[in-house]
Participant: 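This is the structure, below, for whatever I ask next.
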Amino acid sequence: MRLDKYLKVSRLIKRRTVANEACDAGKVTVNDKPARASYDVKPGDIIAITLGARTLKVRVTEVKETVRKEEAASLYEAV
């Protein structure tokens, strides 16, 4: 699954266009490398998102195309 879609489905970022812009601005890294929105996310990847002065780091546990709001947090774990 594309990185921008994963960020939206997992609800780490609310909208896919915002996720796309964050990737283009270099605010998202995967495994400590700047990632493009088209990066193919796999379980085990570590995603870091810089929002303002805060950085959120998560490890991908699973990848699903669709998920209910209550189950979104099960797609990743905090690092």
Side-chain angles (χ1 to χ4, degrees):
M1 175 186 296
R2 288 174 53 101
L3 177 59
D4 57 348
K5 184 170 182 184
Y6 178 81
L7 292 172
K8 190 239 180 251
V9 169
S10 64
R11 290 175 171 73
L12 289 168
I13 296 180
K14 290 187 191 247
R15 290 189 309 269
R16 191 166 174 178
T17 54
V18 175
N20 218 320
E21 291 165 2
C23 291
D24 291 344
K27 295 182 178 185
V28 180
T29 61
V30 178
N31 301 325
D32 296 324
K33 295 180 192 132
R36 298 175 61 119
S38 60
Y39 176 84
D40 189 32
V41 177
K42 300 170 285 305
D45 283 343
I46 295 178
I47 300 173
I49 306 164
T50 304
L51 301 167
R54 229 178 73 182
T55 300
L56 174 66
K57 254 187 160 176
V58 296
R59 178 179 294 115
V60 178
T61 54
E62 62 181 317
V63 177
K64 288 185 179 177
E65 288 294 318
T66 57
V67 67
R68 290 177 40 203
K69 185 169 133 183
E70 299 81 26
E71 301 164 355
S74 69
L75 297 179
Y76 59 88
E77 60 185 22
V79 177

Participant: Please identify each residue that fulfils salt bridge (Lys or Arg N to Asp or Glu O under 4.0 Å) with K27, with sequence neighbours left out.
Facilitator: none

Participant: Got a donor-acceptor contact below 3.5 angstrom from the D40 side chain to the R2 backbone?
Facilitator: no

Participant: Just wondering, are more than 12 heavy atoms of other shown residues or ligands nearer than 6.0 Å to NZ in K57?
Facilitator: no

Participant: I need the minimum non-hydrogen distance between N31 and G44, along with the two atoms involved.
Facilitator: OD1-O, 4.5 Å

Participant: Of V18, L12, V41, which meets side chain to side chain contact (heavy atoms under 4.5 Å, CB included) against L7?
Facilitator: L12

Participant: Looking at side-chain heavy atoms only, is the closest gap between L75 and K64 below 4.5 Å?
Facilitator: yes

Participant: Grab the two heavy atoms, one from C23 and one from A37, that are nearest each other, plus how far apart they are.
Facilitator: CB-N, 3.7 Å

Participant: Nearest heavy-atom pair of S10 and A72: which atoms, and what distance?
Facilitator: O-CB, 3.7 Å

Participant: Answer whether the closest heavy-atom distance between the side chains of V9 and E65 falls below 4.5 Å.
Facilitator: no

Participant: To the closest 0.5 Å, what do you measure between CD1 (I49) and CG (L3)?
Facilitator: 8.0 Å

Participant: On a heavy-atom basis, which atom in A22 and which in I13 lie closest, and how many Å separate them?
Facilitator: CB-CD1, 4.4 Å

Participant: For residues 70-79, pull every pair meeting salt bridge (Lys or Arg N to Asp or Glu O under 4.0 Å), keeping only residues two or more places apart or in separate chains.
Facilitator: R59-E77, R68-E70

Participant: Test side-chain contact (heavy atoms from CB on, under 4.5 Å) on D45 and Y6 and set out the steps.
Facilitator: CA-CA 12 Å; D45 283 343; Y6 178 81; over 6 Å; no

Participant: Which of these, V79, V60, L56, sits in a side chain to side chain contact (heavy atoms under 4.5 Å, CB included) with I47?
Facilitator: V60

Participant: According to salt bridge (Lys or Arg N to Asp or Glu O under 4.0 Å), does anything in residues 6-19 pair up with another residue at least two apart or in another chain? List the pairs.
Facilitator: D4-R16

